[in-house]
Amino acid sequence: MASAARLDLDGNAIKPMTICMIGAGGFIGSHLCEKLMAETMHKVLAVDVYSDKIKHLLEPATHPWSDRIQFHRINIKHDSRLEGLIKMADLTINLAAICTPADYNTRPLDTIYSNFIDALPVVKYCSENNKRLIHFSTCEVYGKTIGSFLPKDSPLWQDPTYYVLKEDASPCIFGPIEKQRWSYACAKQLIERLIYAEGAENDLEFTIVRPFNWIGPRMDFIPGIDGPSEGVPRVLACFSNNLLRHEPLKLVDGGQSQRTFVYIKDAIEAVLLMIDNPARANGHIFNVGNPNNEVTVRQLAEMMTEVYAKVSGEPSLEVPTVDVSSKEFYGEGYDDSDKRIPDMTIINKQLGWNPKTSLWDLLESTLTYQHRTYAEAIKQAIAKPVAS
């Protein structure tokens, strides 16, 4: 249980606060709620349309933190209660978003509305009521790196200036309008610019978080089990689904894109520092990622195949991967960024945060959870058509 004598980074006692957390029932929200209940005396007004991932925090009512978390089943698109909850809180954290790449070019309107239009009232209510806001954006706002436009034989490929992404210096470079994959990044960038403008003109106290592939238990969904059968989750859940079903892992365009991955528990430590240190976090945009965990998507697939064989005790397929085109996998209008490597200077300077967990360890933790949670359900789902 949390001690009342917690101190911020400047040695001041941290006062308990009320937090309105929009999207509390999702992957990040569930881990953040756990952290806040276990280690702080903060109160959470948990706002979402689903509560499955935080049900263990809400029930039974005998939990020592039961009086510090309330669930409000609200769709923020059309519910007048939202402003009242923001007024009741000291801090609002907005996690709500459509953030699945398969949706960006197949549901571009929903993607733009969810990530920009639906976020507008949250920003407005916080600004008008002088409430602090921590808004979750995305590393996708950076788009393509400068390095991706260099000739393949250029010696500048070795220069980090051309591909390491800095909050206060890197340009945001998107593809052409017909590549609707950028609908998400563009909507996220525009809401960032609106929040920044509210800070400049109306003194909104804000922090913007740019997550770089946060990974861990409860992320995304497994198609046909706890998500739509035709759904396409993000890369790690996609590969997990293939492994659980003993199918080859599908590598889009050969899996040559490079990504970094950070463990959810490391990332939540960073968010807690932002919550507890407003004087250091306000007015800042923070990359939250792990540049030490950089791999190509192909290397990720190979590593996940090896880790899953270890945690499940099941042999790997003789042909563990298969190449597919982005058009075949995602549909028309898909595009991608080449690399996403976060510069960590600002968050390290302001909050003293650095990630700790290696890629192998975070994959082992996540795939152990995936196997324990889904393996039996998938076996039963596969067996049903045969039985009938």
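Between Met21 and Leu95, the closest heavy-atom pair is CG-CD1, 3.8 Å. Between Phe239 and Met304 the shortest heavy-atom distance is CB-CE, 3.6 Å.
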* To do: Test side chain to side chain contact (heavy atoms under 4.5 Å, CB included) on Leu82 and Ile22 and set out the steps.
  => CA-CA 9 Å; Leu82 181 62; Ile22 301 166; 3.9 Å; yes
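Taking the six-membered ring where tryptophan is involved, the planes of Trp65 and His63 are essentially parallel, since the angle between them stays under 30° and well short of 60°. Under the 30°/60° scheme for interplanar angles, the aromatic rings of Tyr104 and Tyr184 are found to lie parallel. Note: Phe212 and Tyr142 have tilted aromatic rings, judged against thresholds of 30 and 60 degrees for the angle between ring planes.
In summary, the side chains of Asp103 and Thr111 do not present any donor paired with an acceptor at a separation below 3.5 Å, with no hydrogens or angles considered. Donor-acceptor pairing under 3.5 Å is lacking for the side chains of His284 and Glu167. In this model, a donor atom of one side chain and an acceptor atom of the other lie less than 3.5 Å apart for His42 and Asp276.
Within the 3.5 Å criterion, the main-chain N or O of Val49 finds a donor-acceptor partner in the side chain of Arg73. Asp79 contributes no side-chain N or O that, together with a main-chain N or O of Asn75, makes up a donor-acceptor pair within less than 3.5 Å. For the pair Asn202 (side chain) and Leu204 (backbone), a donor-acceptor distance under 3.5 Å is absent. Of the possible donor and acceptor atoms, one in the side chain of Ser183 sits under 3.5 Å from a partner among the backbone N and O of Gln180. Trp214 contributes a side-chain N or O that, together with a main-chain N or O of Val288, makes up a donor-acceptor pair within less than 3.5 Å. Side-chain atoms of Asn277 do not come within 3.5 Å of backbone N or O of Gln350 as any donor-acceptor pair. Side chain of Arg340 to backbone of Thr260: no donor-acceptor contact under 3.5 angstrom is found. Formation of a donor-acceptor pair under 3.5 Å by the Asp323 side chain with backbone atoms of Gly254 is not found in this model.
Other residues, nucleotides and ligands contribute over 12 non-hydrogen atoms within 6.0 Å of the CZ atom of Phe149. Counting heavy atoms of neighbouring residues, nucleotides and ligands inside a 6.0 Å radius, atom OH of Tyr369 exceeds 12 of them. Within 6.0 Å of atom CG in Leu7, more than 12 heavy atoms from other residues, nucleotides or ligands are found, so the atom counts as buried in its surroundings. With a 6.0 Å radius and a threshold of 12 heavy atoms from other residues, nucleotides or ligands, Lys339 has its NZ atom above the threshold. Heavy atoms of other residues, nucleotides or ligands lying less than 6.0 angstrom from NZ of Lys35 number more than 12.
Under the 6.0 Å cut-off for aromatic ring centres, Tyr196 and Phe206 qualify, their centroids lying closer than that.
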